[in-house]
Amino acid sequence: MASAVDGLKDSLLAMSGLDADGVYRDGSTKREQRSQLVFTALRRLWNEAIEQTAATAAEHGENWEQPHGIGLAAVGSLARHQLGPCSDLDLVVMYDPHEVDESTVTTIANHLWYPLWDSGLDLDHSVRTRQQCEAVTDSDLPAAMGWLDVLPVAGDVQVVQETAESILQRWRKAATKRLSELEQSADERAERFGNLAYLNQPDVKQARGGLRDSVLVSGLVASWLADRPHEDEYRECVESLLDVRDCIQLVSHHDTDLLLGDFQPRVAAMMGLADPTLEPDAREAQSIEMLQTRLAHFGRHIAFALDSTMSHAKHTVTHSHKRFAFFQGKRSKPKFTILLPDAAELEGEVVLAPGVKPAESRNLELRVAVAAAENGLQIGPSTLLQLRQCPVSARDWDDEARGLFLRLLGSGDRLPDLWESLDYVGIPGAWMPEWLGVRNRPSASAIHRYTIDRHMVETTSRIPVASPQGQEYDAQHRSALLLAAILHDIGKRPGVTDHAAEGARHAAAVLERWGYAENVRRMALVLIREHLTLSRYAMKRSPDDEAAVDELAEAVGRDPLMLDMLFDLTRADSSSLGATSGELISKRQGWSEWRAALVGAMYNAARARCR
C-alpha cells in the first residue's frame, strides 16, 4: 500500500539540486524547504497510522477512538530546520501512560517506522514517556543538547510541548553543575575527531569547530548563563558549514559528515571554488586548497564562539555566588595572580594584568602565551581579541622575545591549542609572513592527517628534552631543534619539488630576522634541509651498506649530536602523520614499530661512524 513517505528520499535529493553551472546555492532556503517537505509528509503519515490503527480495531470489533496523550516529535537537524539532502530523521513518539495504553502506542509507532524504513530514509527513532525523556537527558549530556531542540510534528502537541519545556527547565536548573561536564565532553570529542581547521579529511560535524559545537553554543545560550554570539560572521560560518555538509551528502548519497579525499574535488566545485579558466589538474588542486582554507575559517570562528560562550557561562557561575562582605558593606575585588609581566591569571584564564595597554606592550602576546602554556591555562577569549592590538614584529626580536618563543615551542602538548588560539588572531603570520604561505594548506600526501601548518606545530609539540642517548640537550641544541621543527615544512608550496631545500631557504630568512645566534641558525637549517634524509635512507638503504651509512653521517657533518637531533626530528615528524595502510598504529601515529626499527637501525649504524 502506498505511503505518505514513498518517494520522499528522491524528492529531498531532487529539491537539493545544483544550479546550471554546477554550484550549490541558497543552502539555507533549501534546508528550510526540505524540512517543511518532511514535516508535511510526516503529518500525513501520522494520519495514515491513526487510520490504520482504527481500521485494525474495527476488524476486531473494537470501538477505538483517536487517543490523547500521544504525539510525534522531531529532534536534531530536522527540529533545527537544518535537514541535509540525506540526513537521518531523528523522531520520537512521546506519550502519557495515563492517557494511552502501551499496545496502542506500539501499534501507532509500527505504522510510522515501517513505511519510513521501506522508503529508504535513514531513521533514528524512539518511543518514550515524559519521564523517560527526562531520565535520558539527565544522564546523557549529548542527548540533553540534542533534545533542547524538540519540535511537535503531529498528534497531541501538548504532550510534546510539556516534555520539551520540562527538559529545558531541568537543563537550566542543572546547567551550573553540568558546565564542567559539558566542557569535558567537548574536549573529549575534539581529542577524538581533531580540529576542523587543521584536518585534511575532517568530520564537519564532530570535529572541533564543527556543527556539533554550534549546537553546544545554543545549549549554553538556552541555559541563560551566556548570551548568543552576536557576530554576523559566526552565523554565516555555521550556514556555510551546513552548505559543505549538504554537498558532502549530495556527493556521497549518504548521511555522512566526513569530507573524504575522494569527495573533495566535487564538493569544492559545488561550493563554487573551481576556476573554469584553469587546466583540470590545476583547477582541482586550487579548489581543494580554497575549500580547506574556508573550512579553517569556519572552524576557527565556531570554535572561538564556543570558547567565548563557555567562558562567559563560567564567569556567570563564578559571579552568581555571593561576593559581598556584608559586615563591611563592600564587594570583594577580582583577584589577579601575576604570572609574567603584564600577564595574570583570573578565574582560571590568562588575562592582561590591570592597567596594561596592549598597543604599548612589546612581546605581550608571547608573555601571555607562555604564561598560559606553563600554567596549564587557556587564554581568555576577550584577552585573545585584545592581543590583536599588540605591536607584533617579524624582525629585530630582542632577547626576551627569542627566549619566550622558545619556551612556547617547548611547551609540549600544550602548544597546539595555544598556537591555534594565537593563529585565530593572526599572530603567527605577523611573526613570520612565510607562515601564511602554508597556513591551512592541505598536504598532497595521503598519509598526512593534518594540514601543513598544523603538522609543523604537532611535530614541534613532540620534540623531547633529552637525546636518544638519554642526555638533555643544552640550550643551543634544543633551540635549534625546536626552531627546525616549527619551520621544517615551510617550503611546501605549489610547484615546489624539493620542499626541504625550499624550506631551508625560507627558514634562513626568518631566523636571521629574528636574530638567533649564528650557530643555532646553522644547526636548524641543516636539520630542515635534511629532515627527510634519515627516513629516506632507512626505507630505501640498508644499515649494512657502508656507503649509505657514510653518506648519512656526512649529511650531518659526522656530528653525533646533530644525528641525535635529526633522529628526534624524524621521530616527531613521523609520529604526527596519519596512519599508513596495513599498520596497526597507536596514538603515536605514523611511528609504527616497523618504522621505528628501520630508522633506529640506520641511526645506530650512522652514529657509530660519527666522531
Side-chain angles (χ1 to χ4, degrees), residues 338-343 350 352-353 355-374 379 383-411 415 418-439 452-453 456-457 459-460 463 473-493 501-529 565:
I338 302 299
L339 303 174
L340 286 174
D342 298 340
V350 175
L352 303 185
V356 173
K357 297 179 180 179
E360 301 175 4
S361 184
R362 187 178 185 184
N363 302 331
L364 177 62
E365 80 285 356
L366 282 164
R367 288 195 294 276
V368 168
V370 170
E374 295 182 348
I379 303 172
T383 299
L384 193 61
L385 295 179
Q386 288 178 292
L387 294 182
R388 286 174 170 166
Q389 305 171 34
C390 293
V392 181
S393 175
R395 62 176 63 252
D396 299 326
W397 284 13
D398 57 19
D399 288 342
E400 182 192 34
R402 286 188 287 271
L404 288 169
F405 188 63
L406 290 170
R407 286 166 68 180
L408 176 62
L409 295 183
S411 60
L415 176 64
L418 286 168
W419 192 278
E420 160 62 12
S421 295
L422 297 172
D423 205 14
Y424 177 74
V425 291
I427 288 175
W431 285 332
M432 43 178 161
E434 292 83 355
W435 187 261
L436 301 177
V438 295
R439 186 173 185 256
I452 295 169
D453 54 339
M456 290 192 289
V457 175
T459 298
T460 308
I463 295 298
Y473 289 114
D474 61 30
Q476 279 203 340
H477 286 85
R478 179 158 170 79
S479 298
L481 184 50
L482 289 170
L483 292 168
I486 199 62
L487 295 170
H488 76 278
D489 275 350
I490 201 76
K492 279 192 172 180
R493 296 156 190 272
E502 181 71 4
R505 186 176 71 83
H506 286 292
V510 173
L511 295 175
E512 186 174 359
R513 287 199 309 266
W514 285 345
Y516 282 99
E518 182 179 355
N519 190 43
V520 170
R521 300 202 311 268
R522 179 191 61 78
M523 290 189 292
L525 294 179
V526 170
L527 292 173
I528 293 169
R529 189 171 55 249
M565 295 162 69

What are the two closest non-hydrogen atoms of [X] and [Y], and how far apart are they?
{"X": "Arg493", "Y": "Glu434", "answer": "NH2-O, 2.7 Å"}
{"X": "Arg407", "Y": "Glu374", "answer": "NH2-OE1, 2.8 Å"}
{"X": "Asp423", "Y": "Arg439", "answer": "OD1-NE, 3.0 Å"}
{"X": "Ile427", "Y": "Glu365", "answer": "CD1-CB, 3.7 Å"}
{"X": "Arg362", "Y": "Asp396", "answer": "NH2-O, 2.7 Å"}
{"X": "Leu352", "Y": "Pro358", "answer": "CD1-CG, 3.6 Å"}

Got a list of side-chain donor-acceptor pairs under 3.5 Å for residues 522-529, not counting sequence neighbours?
| from | atom 1 | to | atom 2 | distance (Å) |
| --- | --- | --- | --- | --- |
| Arg522 | NE | Asn519 | OD1 | 3.3 |
| Arg522 | NH2 | Asn519 | OD1 | 2.9 |

Requested in this report: State plainly whether the residues Glu502 and Arg505 are in salt-bridge range, i.e. N to O under 4.0 Å.
Outcome: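 Yes, charged N to carboxylate O under 4.0 Å.
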
[atom1]-[atom2] distance between [X] and [Y], expressed to the nearest 0.5 angstrom:
{"X": "Leu364", "Y": "Cys390", "atom1": "CG", "atom2": "SG", "value": "4.0 Å"}
{"X": "Leu482", "Y": "Thr459", "atom1": "CG", "atom2": "OG1", "value": "12.0 Å"}
{"X": "Arg367", "Y": "Asp342", "atom1": "CZ", "atom2": "CG", "value": "4.5 Å"}

Query - side chain to side chain contact (heavy atoms under 4.5 Å, CB included) evaluation trace for His506 with Leu487 - result: CA-CA 9 Å; His506 286 292; Leu487 295 170; over 6 Å; no

Report task. Go through the structure and list residues passing ring pair (Phe, Tyr, Trp, His ring centres under 6.0 Å) with Phe405, not counting sequence neighbours. Result ->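 Phe405 satisfies ring pair (Phe, Tyr, Trp, His ring centres under 6.0 Å) with Trp397, Trp431, Trp514 once adjacent residues are dropped.
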
Requested in this report: Go through the steps for Leu406 and Leu483 under the test side chain to side chain contact (heavy atoms under 4.5 Å, CB included), then give the verdict.
Outcome: CA-CA 8 Å; Leu406 290 170; Leu483 292 168; 4.0 Å; yes

Has [X] got a side-chain atom pairing as donor or acceptor with [Y]'s backbone, closer than 3.5 angstrom?
{"X": "Arg513", "Y": "Ala394", "answer": "yes"}
{"X": "Thr460", "Y": "Ile486", "answer": "yes"}
{"X": "Asn363", "Y": "Leu366", "answer": "no"}
{"X": "His488", "Y": "Ala485", "answer": "yes"}

Query raised in the report: Applying side chain to side chain donor-acceptor pair (under 3.5 Å), which residue pairs with at least one partner in residues 383-392 are found, sequence neighbours left out?
Result: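 Pairs touching residues 383-392 that pass the test: none.
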
Query raised in the report: When you look at Leu422 and Leu408, which way does the side chain to side chain contact (heavy atoms under 4.5 Å, CB included) test go after all the steps?
Result: CA-CA 11 Å; Leu422 297 172; Leu408 176 62; 4.1 Å; yes

Report task. Start with the C-alpha gap between Met456 and Trp419, add the side-chain angles, then the distance that decides, and say whether side chain to side chain contact (heavy atoms under 4.5 Å, CB included) holds. Result -> CA-CA 11 Å; Met456 290 192 289; Trp419 192 278; over 6 Å; no

